[in-house]
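Quick note on labels: first sequence line is chain A, next is B, and so on, each numbered from 1.
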Protein chains: 2
Amino acid sequence: MSQILTFLGKGGVGKTTTAIAIAKAFASQGKQVLLVGQQAGPGLSQMLETELSCDPQQVSSGLSAVHLQSTTLLERYWEKMKGLESQFLRTPFFKEVYGQELGILPGMDAALGLSFLRERDAEGKYDAIVYDGIGDLITLRMLGMPEILGWYLRRFRQVLTGSALGQALSPFVEPILRSILQVSSTDDITQQAGEMNNVLTKGLKAVNDPNRVAAYLVTTADPIAIATAKYLWGSAQQVGLTVGGVFARSEISDREFSPLPVHVIPDRPVELVIPSHMAADLAPVPVAIDIATKQVKLFLPTFDKRQVKLIQSGPEVTIEAGDQRRNIFLPTELAGKQATGAKFQDSYLIVSFA
Amino acid sequence: MSQILTFLGKGGVGKTTTAIAIAKAFASQGKQVLLVGQQAGPGLSQMLETELSCDPQQVSSGLSAVHLQSTTLLERYWEKMKGLESQFLRTPFFKEVYGQELGILPGMDAALGLSFLRERDAEGKYDAIVYDGIGDLITLRMLGMPEILGWYLRRFRQVLTGSALGQALSPFVEPILRSILQVSSTDDITQQAGEMNNVLTKGLKAVNDPNRVAAYLVTTADPIAIATAKYLWGSAQQVGLTVGGVFARSEISDREFSPLPVHVIPDRPVELVIPSHMAADLAPVPVAIDIATKQVKLFLPTFDKRQVKLIQSGPEVTIEAGDQRRNIFLPTELAGKQATGAKFQDSYLIVSFA
């Protein structure tokens with residue numbers, strides 16, 4: 001397991017410069033660091049003066065770096081999938097399709113990037129992984145995938161099982177599957193589905209744990225850069241990602257991002273002194289559920305009540321804010337209760353239940 | 001039908017500023033212009049001093065603007081899909097799922113954004129649509145969707161039809177579908193699939209037509225901004241998108257982007273004089289197939305031979321370059337022929353067939 005850090009902010013504020021400086025500073029402390037770039041073009045390679053590829057390459061003592069190529073990653077995952085298919089299908093049909101011919105559709109970059117981070121994290125070779133992605137909502141969509149994909153799988157399975165379509169299909173599904181798949185029962189398939197769920201749950205836990213994954217904001221003094229950083233600060237909460245602090249490329253008021261610490265970094269951040277504590281466990285957590293007071297407290301800085309929509313359906317509460325939706329499962333103690341009110345107080349949205 | 005323009009370049013070089021300036025300049029020529037923003041945060045609203053939403057709002061004479069929210073768009077499309085479902089399914093099951101609870105997965109922004117552009121284009125209300133997206137590979141992935149999605153549909157249908165899985169399923173598929181769907185035969189379903197294909201083909205044609213859709217590069221004199229713009233120039237060809245020129249925020253050498261015209265734009269581009277001809281039909285086209293000389297000519301500026309991979313399989317040639325893959329169907333005259341050589345010449349990759 002590694003500590004994973006990423007940077008959010010408007011384009012051009014110096015996210016990549018900051019990511020490199022932080023990665024180098026970690027390495028100079030004796031840590032093993034992997035810098036993962038996922039932005040278009042040769043920028044990162046040029047800044048590191050190293051021709052990067054999908055395979056980690058040592059840049060300096062303790063620091064390795066990669067530049068993700070979705071074409072290469074997709075080819076590799078496709079081969080793995082074919083391996084899995086040949087275990088299960090009597091007559092595989094994916095094998096007719098070659099990884100080298102697969103184009104990249106929107107969203108694949110995020111899925112491939114997240115898988116890459118997950119694998120490097122699981123390897124345990126690195127103390128820290130610094131991810132330099134596009135650093136805006138796209139990065140948050142990627143980190144939100146385990147939660148949202150998990151929700152879609154649960155929701156549609158539930159609806160399909162209860163539907164006429166599901167009931168009409170069910171007498172056929174098992175015999176067909178058994179005749180095609182090399183399985184003795186649907187248990188084997190259920191097990192595979194369970195493993196998928198397991199990967200998503202683990203990913204969700206990691207994103208929600210500020211000691212495992214944390215984001216930092218990067219901004220200049222430009223009002224639009226500040227407004228974008230604030231928007232992303234609020235949006236990060238919607239995927240359960242804790243923001244640990246702010247790196248400012250010039251002096252800005254501390255109050256802009258209160259209660260986050262603001263670190264001013266020099267223009268040539270070679271001399272960067274990194275904060276003594278880079279885990280974000282001191283920052284406000286995105287969601288807290290208080291059963292005693294029957295309240296759900298959501299940290300949603302920079303949004304106001306007008307920008308937030310709340311929908312309750314069954315045991316779930318949906319929070320819409322910052323062009324994202326988050327579905328929160330209520331604990332059994334609150335699941336049957338009706339939401340009676342919601343108010344904003346000190347950047348928290350507090351929802352009360354009857 | 002509208003002329004659709006978009007801007008590509010590194011973050012922070014001034015793509016949004018340029019997009020606004022171009023949109024205003026078009027409007028001042030008496031055109032009806034829609035500016036479509038799809039970037040995180042309130043930046044565009046602040047720059048236009050107008051609170052934008054998903055619905056076009058007039059900003060000034062002839063100029064309207066929207067800021068796309070994927071949550072809102074997804075909700076609207078979900079309602080449409082439910083409408084479609086209730087026409088076809090005897091007992092709809094999507095209706096149990098509400099648009100207001102759907103989270104946004106990676107790739108959805110692109111799919112929703114492209115649908116939005118397609119609908120506004122079809123409306124015929126605007127002479128020009130200026131799309132201000134993230135402006136890097138993400139925008140190209142979006143514009144590449146019609147081609148790549150079309151390829152996936154064809155390829156997997158072909159493989160599935162020929163496979164044991166497809167053959168085992170086929171005796172079941174029709175009766176099941178007929179019992180669930182309100183259709184008398186699978187013809188109705190095939191028709192729906194045909195319409196989907198039709199939409200993709202139309203989209204592809206629009207993206208490939210420089211009079212319909214064109215991109216412009218934006219850069220500063222910073223070497224990394226120039227390198228990124230060049231990379232995106234090459235990458236745009238891979239989705240069949242023509243790049244019509246360069247907007248430079250400071251003086252750069254004309255030769256950097258030869259043969260593209262370079263327009264230097266002032267820091268306060270209120271006074272922007274737009275190029276007399278903004279359609280990109282004078283720029284090199286991405287692909288030309290010459291049957292007489294048995295050659296396929298691909299315009300791939302800024303890439304070299306080392307960065308390009310070529311794979312021939314059946315009637316297709318796959319070009320891998322710039323973290324994209326493009327599958328080109330050869331015309332019948334070349335389909336059976338073996339590629340005998342490939343060389344780079346004046347930014348063109350020339351593939352010869354036997």
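One N or O on the side chain of B:Thr302 and one on the backbone of B:Lys230 form a donor-acceptor pair closer than 3.5 Å. Side-chain atoms of B:Tyr77 do not come within 3.5 Å of backbone N or O of B:Gly99 as any donor-acceptor pair. Using modelled atom types, no side-chain atom of B:Thr220 and backbone atom of B:Arg249 make a donor-acceptor pair closer than 3.5 Å. In this structure, the side chain of A:Thr71 does not engage the main chain of A:Gln69 through any donor-acceptor pair within 3.5 Å. For the pair B:His67 (side chain) and B:Ala40 (backbone), a donor-acceptor distance under 3.5 Å is absent. One N or O on the side chain of A:Ser45 and one on the backbone of A:Leu52 form a donor-acceptor pair closer than 3.5 Å.
From A:Lys15, atom NZ reaches atom OG1 of A:Thr219 across 10.0 Å, with rounding to the nearest 0.5 Å. The CG atom of A:Leu310 sits 4.5 Å away from the CD1 atom of A:Ile319 when rounded to the nearest 0.5 Å. Considering CG of A:Leu44 and CD1 of A:Ile20, their distance stands at 5.0 Å, rounded to 0.5 Å. Rounded to the nearest 0.5 angstrom, A:Gln38 CD and A:Thr139 OG1 are separated by 8.0 Å. To the nearest 0.5 Å, atom CH2 of residue B:Trp233 and atom CG of residue B:Leu8 are 12.5 Å apart.
Atom OH of A:Tyr98 has 12 or fewer heavy atoms from other residues, nucleotides or ligands within 6.0 Å.
The most heavy-atom pairs under 4.5 Å with chain A, out of B:Leu74, B:Ile148, B:Leu102, come from B:Leu102. Across B:Met142, B:Gln100, B:Gln46, B:Lys309, the residue that shares the most heavy-atom pairs under 4.5 angstrom with chain A is B:Gln100. With chain A as partner, the option from B:Ala110, B:Ser70, B:Ser235, B:Ser313 having the largest number of non-hydrogen pairs under 4.5 angstrom is B:Ser70. If you tally non-hydrogen atom pairs under 4.5 Å between each of A:Met108, A:Met47, A:Arg155 and chain B, the highest count goes to A:Arg155. Chosen from B:Lys10, B:Glu101, B:Glu147, the residue pairing most often with chain A at heavy-atom distances under 4.5 Å is B:Glu101. Comparing B:Leu137, B:Leu68, B:Val97 by how many heavy-atom pairs each has under 4.5 Å with chain A, the most go to B:Val97. Each of A:Val159, A:Asp136, A:Ile134, A:Thr72 has some count of heavy-atom pairs under 4.5 Å with chain B, and the biggest count is that of A:Val159. Top candidate by heavy-atom pairs under 4.5 Å with chain B, chosen from A:Leu232, A:Leu105, A:Ile311, is A:Leu105. Interface check for chain A: of the options B:Leu114, B:Val13, B:Ile104, the most heavy-atom pairs under 4.5 Å are formed by B:Ile104.
Only the side chain of A:Ile138 comes within contact range of chain B, judged by heavy atoms closer than 4.5 Å. The parts of B:Leu149 that come within reach of chain A are both its backbone and its side chain, each placing non-hydrogen atoms under 4.5 angstrom from that chain. Contact of A:Asp109 with chain B is made through the side chain alone, with heavy-atom distances under 4.5 Å.
The stretch residues 320-330 of chain B places B:Glu320, B:Asp323, B:Gln324, B:Arg325, B:Asn327 near chain A, each with some heavy atom under 4.5 Å from a heavy atom of that chain.
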